[in-house]
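Working notes, beginning with the structure itself.
Just so you know, these numbers come straight off a predicted model, no measurement behind them. Numbering of ligands and ligand atoms starts at 1, following listing order. Positions are given from 1 along the sequence.
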Amino acid sequence: MTREYLVRGGKPLFGEVTISGAKNAAVAIIPAALMVDGVCRIENVPMISDVTLSLKILEELGASIRLLNAHTVEIDSRHIACTRTSYDLARKIRASYYLVGSLLGRFGQAEVAMPGGCNFGGVRPIDQHVKGFTAMGAKVTLESGFINAAAEGGRLHGANIYLDVVSVGATMNIMMAAALAEGTTVIENVAKEPHIVDLANFLNSMGADIRGAGTDSIKITGVPRLNGGSYAIIPDQIEAGTYMAAVAATGGQVLVKNIIPKHMDCITAKLQECGVEIQEREDTLLVRRTGKLQKTNIKTLPYPGFPTDMQPQMTTVLCLAEGTSLVTESVWGSRYRYVDELKRMGASIQVDDKTAVVEGVDHLTGAPIQATDLRAGAALVIAALAAQGESRITGVSYIERGYEDIIEKLRALGADIRAVDVPDEADLRSRIS
Ligand code: EPU
């Protein structure tokens, strides 16, 4: 069976939505918990498939995992016995590359299946991760689908590392490895996303010595071991932005709860340019759209610029804005595979390399559409909610990798959306034979 979403669009959203813990922080903090020679309790964990897969990988490596409540996980990594991940689990998620940094940092060696994850239609290199580990004294090879890394002499040493591209993954991975290295590591030209700061705070609360996360340069003084402790993951900036974009597209009024308004500034500013009213309070945003949407231009950039992970959702909003908007993707080489699906719904978008020219249309029409990656899937959900008529969305496992309880959260806002299980080709074949 495969899961699909059926959406009857055209209804404005009203009510309140509570944002879950940040996916891209959780998928780094869980592997980082492997470095802790003790028990750590992690709160505000989003229960999404990328997280459950990460927990399963840790369990396979010998960690004990206990779910204390719906969003609190206790990880005991005192008895890790193995530094090689199973091929099948690790290759399913992009974030499995963090296991290289965490295992290498704690045990001086790691064998991790090459990461999988969302495919935007281009390559997703990890050369900057490798550059960092090598500078710290590791030998890194790629063999039979595995990344093999081993520290000379069994422990990494500090180094000065300049990243050639601003990379979230390389920044976090090198930071983890350096936390338990001998001596001091300085990483320059690093990413500054909220989840970078969250990982540094997590490691520091377990006894690491990391300074400067959130600026261009991070200094890590290696410590011999990390102890147990408790930590709560920050709210998900992109999940919050996705619900804000949904209200912009459908109209209505929604209170977005459990957010850090500062993290939302780059998204809030763009939605306001489009005519969406947003009122900021301590840890909520009230989002309201009653009038016509206006065009704007967007260029994705590393934080604090406009996030690439909001580009598909925002392009969908702009499909319904008056006038012509320009969207430029400058983080990933290509991230427009969803555009053909929006066109099936009546959107008018021309893509030329990294730029999409979006001509606003009066309305979108429901259609059968297919999610090709996580944020593309979120964009199609938004389009289907705003469209006239019914849409059927396939490929929803991508969406469920990153959005906790999306169906329940949207239904609570008045959306007409439901998930159905339909027989897939294999089911049909077995019935015929
Ligand atoms: N890059 C390199 N070499 C490297 C690493 C990256 O050239 O060694 C390039 C990439 O090709 C890309 C740019 O640098 O052009 C930025 O990539 P980055 O390393 O920052 O991306 P990532 O760590 O692989 C994370 C998120 C993505 C998000 C990007 C950018 C996770 C698990 N993934 O990916 O999130 O798009 O940062 O913010 O944290 C998503 O959540 O939907 C998602 C794809």
Measure the distances from the heavy atoms of P125 to every atom of ligand 1 and state whether one is below 4.0 angstrom. yes
Hey, does T308 come in under 3.5 Å of ligand 1, counting only N/O atoms on both sides? no
Could you tell me whether R401 approaches ligand 1 through its side chain, its backbone, both or neither, with non-hydrogen atoms closer than 4.0 Å? neither
Should E239 and K409 count as an ion pair when the cut-off is N to O under 4.0 Å? yes
Side-chain heavy-atom pair S397, R3 within 4.5 angstrom cut-off: no
Select one of side chain, backbone, both or neither to describe which atoms of Q128 lie under 4.0 Å from any atom of ligand 1, heavy atoms only. both
Could you list the atoms of ligand 1 found under 4.0 angstrom from a heavy atom of V331? 12 (C), 13 (C), 15 (O), 16 (C)
Which of the numbered atoms in ligand 1 are under 4.0 angstrom from any heavy atom belonging to R335? 36 (O), 42 (O), 44 (C)
Heavy atoms, side chains only, cut-off 4.5 Å: are I80 and R106 in contact? yes
Looking only at heavy atoms of E329, does any of them come nearer than 4.0 Å to an atom of ligand 1? no
Are any of the N or O atoms of V27 closer than 3.5 Å to those of ligand 1? no
Taking all heavy atoms of M47 and all of E404, pick out the closest pair and write down the distance. N-OE2, 2.8 Å
Geometry only, no angles: is D127 polar-contacting ligand 1 at N/O separations under 3.5 Å? yes
Please name all residues satisfying side-chain hydrogen bond (donor to acceptor under 3.5 Å, both in side chains) with Y5, sequence neighbours left out, ordered by chain then number. E400
Contact with ligand 1 for Y97, non-hydrogen, under 4.0 angstrom: yes
Do any nitrogen or oxygen atoms of L374 come within less than 3.5 Å of a nitrogen or oxygen of ligand 1? no
Contact with ligand 1 for K23, non-hydrogen, under 4.0 angstrom: yes
Any atoms of ligand 1 less than 4.0 Å from a non-hydrogen atom of G169? List them with their elements. 19 (O), 23 (O)
Taking K354 first and then E329, would you say they form a salt bridge - that is, a charged N and a carboxylate O separated by under 4.0 Å? no
Check: of L301, V165, D164, N24, min heavy-atom distance to atom 26 (C) of ligand 1 comes from N24
Please list, in number order, the atoms of ligand 1 under 4.0 Å from a heavy atom of I126. 4 (C), 8 (O)
Tell me the closest heavy-atom pair linking A135 and I161, and the distance in Å. CB-CG1, 3.9 Å
Ligand 1 atoms in contact with R94 (distance to a heavy atom under 4.0 Å): 24 (O)
For Q350, look at atom CD and say whether over 12 heavy atoms of other residues, nucleotides or ligands are found less than 6.0 Å away. no
From the list Q313, Q311, Q370, side chain to side chain donor-acceptor pair (under 3.5 Å) partner of Y338 resolves to Q311
Do the charged groups of E408 and R411 touch, with an N to O distance under 4.0 Å? no
Residues at least two apart in sequence or cross-chain that pass ring-ring contact (aromatic ring centres under 6.0 Å, His included) with H129, listed by chain then number, are Y97
When you measure from atom 25 (C) of ligand 1 to each heavy atom in N173, I93, V168, which option holds the nearest one? V168
Which ligand 1 atoms does H129 reach within 4.0 Å, using its non-hydrogen atoms? 8 (O)
